[in-house]
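As the structure lists them, so they are numbered: ligands from 1, and atoms in each ligand from 1. These figures come from a predicted structure and were not determined experimentally.
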Amino acid sequence: MMIKENLFPVASDLPQTVKIPKINGRILIDGQILNSGFPSRTVTSPCSLRSEKDGSLYYPELGTTPQVPEEIFMQAVDAASRAWAKGRGEWPSARMEDRINAISALRDQILKHRESISRLLMWEIAKTWTDAQAEFDRTITYMNDTIEATKQLDRDCSRIQFVDQIMAQVRRSPLGVTLCMGPFNYPFNETFTTLIPALILGNTIVVKLPRFGQLLWDFLLEPFRDCLPPGVINVVNGVGREIINPAVKSGKIDVLAFIGSSQVANQIKQSHPMPHRFRSILGLDAKNPAVILPDADLDLSVNECVRGTLSFNGQRCTALKMILVHRSVSKSFIEKFAARVDQLTCGLPWDPGVMITPLADRNKPQQLQSYMKEVVDRGGRLCNPTNGGKMLGSLFFPAVLSGVPLDARLAQEEQFGPLVPIVEFDQISEVEDYVLNSQYGMQASVFGREPKSVGHLVDFLSNQVCRINLNSQCQRGPDVFPFTGRKNSAEGTLSVTDALRSFSIRSMVAARQDPVGKQVIQGVLDGDTSRFLTTNIVL
Ligand code: G3H
């Protein structure tokens, strides 16, 4: 493993371009940005620095983040309720064209903060500089694609249909107050993949910030305030278990957009007084397996599995979290894989060529070590013993473990970190049993070429997971493809177009195709008296 010399610099040695940010996080409620009147807590970076005084390591302070109590959180919910106004608010009843223009203006404002938001991603969650910029750019692309998809949806819905003597126009209408909670691994992008479709279709929003990746949101408050009517979007932060359940229990939240753990999602859903009125769009845990068949191209498989397991330190819901390799090729695969892992550069996110960076969750290294210990105690083998599994601050050097017992926690639970379990199999039925018994069903990767075995596995997996990647790692993108899962892995589907469906419901106007019906509809269209019943389109 390539460990950079002088891994943790002193602050004064940081490159010019890597200044430590200082942000005192604010909140946005009902169009007002507030910087006081609520408790805050200090935010430190997981990227350790070395003290100039005595050389000890410390986590540098980046600023403070709001920790609002329940009553302030409820003020945000009430502001979103007023902006929704039982569906009669300015935003939910605006013409599509007006909402598209507002979201386009929002995008233009946010674009001005590319550098600052990317830098905060680097400092707050230790995302490499390249990946941080990619997260920003991907989000802007998602906004552009959503704008175009909304225009297309509007065109598709603008026509009047004639069926069995009924004339009808079918459109998609908003659902209500939406609580958006994104994950810490993509705190900007994944929150926006729910926020933007929900907004553009006329829902009103409360954003509760992710566990890490909070300070970057401060750059978004002015753009939100300036581009959207008051209360349409409210941004607050606090301790989830203290503020979310009471808010959901109030019955004032209609939609939950949550990317995080299935355990938390269950708790939140159970708090709603009328669950049938609570729409959920969820991206949850996963345990995506890679299956290496006897005829797999091993170099390609190793390459894809290294990226699949260890990109952003394995902190992706779509990461490969279990490798099942046929015994006939396992020795060679494991040797090549462990050697490649040992060549990865570990360091700080601004170091050129770095792949492994500190973990955002300061408790994660201990949890990973306890997974490792259980496997090794039960006869598993650490395949890269020189540095694998060592800890330095919140940096955890990736460890490759073979011979992992199938009932070990590492084989069953989502590790969400740089720990790679490998299990050998003889019969494909062993792979099938593992997948059938898994609590998760997001994606899988199959490495092999022989059509009969690949075809068989594709058919088996297609009823177990929602994306099968052939000879390539698991991944969400391109974002126009459906992103979803079975079992504990998801509810609803996110893609540019699916998200527009998820955050809306179809409403229609229908009339008999007789002289009275035709006259009324024609009158409304000619007089342009309805925002809903109209054949005007957004160009
Ligand atoms: O963490 C889940 C993300 O949606 C994964 O996206 O596959 O593009 O890294 P990605």
Side-chain angles (χ1 to χ4, degrees), residues 118 121-122 124-143 145-146 180-197 210-213 257-262 264-265 281-290 303-322 349 355-357 359-361 364 413-418 440-445 465-496 498-499 502:
S118 305
L121 283 168
M122 196 169 70
E124 287 189 87
I125 57 167
K127 192 161 266 197
T128 66
W129 178 231
T130 312
D131 286 352
Q133 293 174 93
E135 176 168 349
F136 184 94
D137 295 339
R138 180 179 182 178
T139 309
I140 297 297
T141 303
Y142 197 94
M143 291 180 84
D145 290 349
T146 301
C180 283
M181 296 196 287
F184 81 79
N185 59 337
Y186 283 89
F188 179 52
N189 176 264
E190 288 218 292
T191 315
F192 265 60
T193 61
T194 60
L195 174 63
I196 294 301
R211 224 159 26 111
F212 310 106
F258 174 65
I259 304 194
S261 81
S262 53
V264 172
I281 296 102
L282 311 173
L284 305 170
D285 338 306
K287 192 78 188 169
N288 309 311
N303 213 14
E304 289 290 321
C305 286
V306 167
R307 292 198 297 132
T309 52
L310 294 172
S311 295
F312 194 35
N313 314 311
Q315 300 168 119
R316 296 159 59 228
C317 53
T318 48
L320 288 171
K321 291 166 185 156
M322 168 60 106
M355 169 123 171
I356 302 296
T357 57
L359 300 174
D361 180 352
K364 189 51 98 170
E413 296 174 11
E414 180 182 50
Q415 64 271 46
F416 219 71
Y440 308 106
M442 189 176 280
Q443 298 195 13
S445 289
V465 299
C466 288
R467 175 164 165 166
I468 303 149
N469 302 277
L470 299 180
N471 295 303
S472 58
Q473 62 157 323
C474 296
Q475 62 182 43
R476 174 176 176 157
D479 292 328
V480 291
F481 286 130
F483 177 52
T484 184
R486 297 166 182 270
K487 302 188 205 171
N488 285 356
S489 287
E491 180 174 341
T493 303
L494 289 170
S495 75
V496 170
D498 286 301
S502 295

Are N185 and I125 side-chain neighbours, meaning at least one heavy-atom pair lies under 4.5 Å?
-> no
Donor-acceptor pair, T484 side chain versus G492 backbone, under 3.5 Å?
-> yes
Would you say R138 contacts ligand 1, with heavy atoms under 4.0 Å as the rule?
-> yes
Under 4.0 Å from ligand 1, counting heavy atoms only, is it the side chain of I259, its backbone, both or neither?
-> neither
Just jot down the ligand 1 atoms closer than 4.0 angstrom to any heavy atom of F483, in number order.
-> 4 (O)
Backbone N or O of P349 within a donor-acceptor pair of the T357 side chain at under 3.5 Å?
-> no
Pick from C317, S311, G308, A286: the one approaching atom 1 (O) of ligand 1 most closely through a non-hydrogen atom | C317
For residues N288 and S445, is any side-chain donor paired with an opposing acceptor at under 3.5 Å?
-> no
Give a yes/no verdict on whether any heavy atom in F312 is under 4.0 Å from an atom of ligand 1.
-> no
List every atom of ligand 1 that sits less than 4.0 Å from any heavy atom of Y186, numbering the atoms from 1 in the order shown and giving each element.
-> 1 (O), 3 (C), 5 (C), 6 (O), 8 (O), 9 (O), 10 (P)
If we ignore angles and hydrogens, is there a donor and acceptor under 3.5 Å between the side chains of N469 and Q475?
-> no
Do T139 and N189 have side-chain atoms, one donor and one acceptor, less than 3.5 Å apart?
-> yes
Nearest to atom 6 (O) of ligand 1, what protein heavy atom do you find, and at what distance?
-> R476 CB, 3.4 Å
Can you tell me which residue and heavy atom of the protein come closest to atom 5 (C) of ligand 1, and the distance to 0.1 Å?
-> T318 OG1, 3.1 Å
Counting from 1, what ligand 1 atoms have a heavy atom of R316 closer than 4.0 Å?
-> 1 (O), 7 (O), 9 (O), 10 (P)
Check whether any side-chain N or O of K364 sits under 3.5 Å from a backbone N or O of Q415 as a donor-acceptor pair, and report yes or no.
-> yes
Ligand 1 to Q475, heavy atom cutoff 4.0 Å, flagged ligand atoms 7 (O)
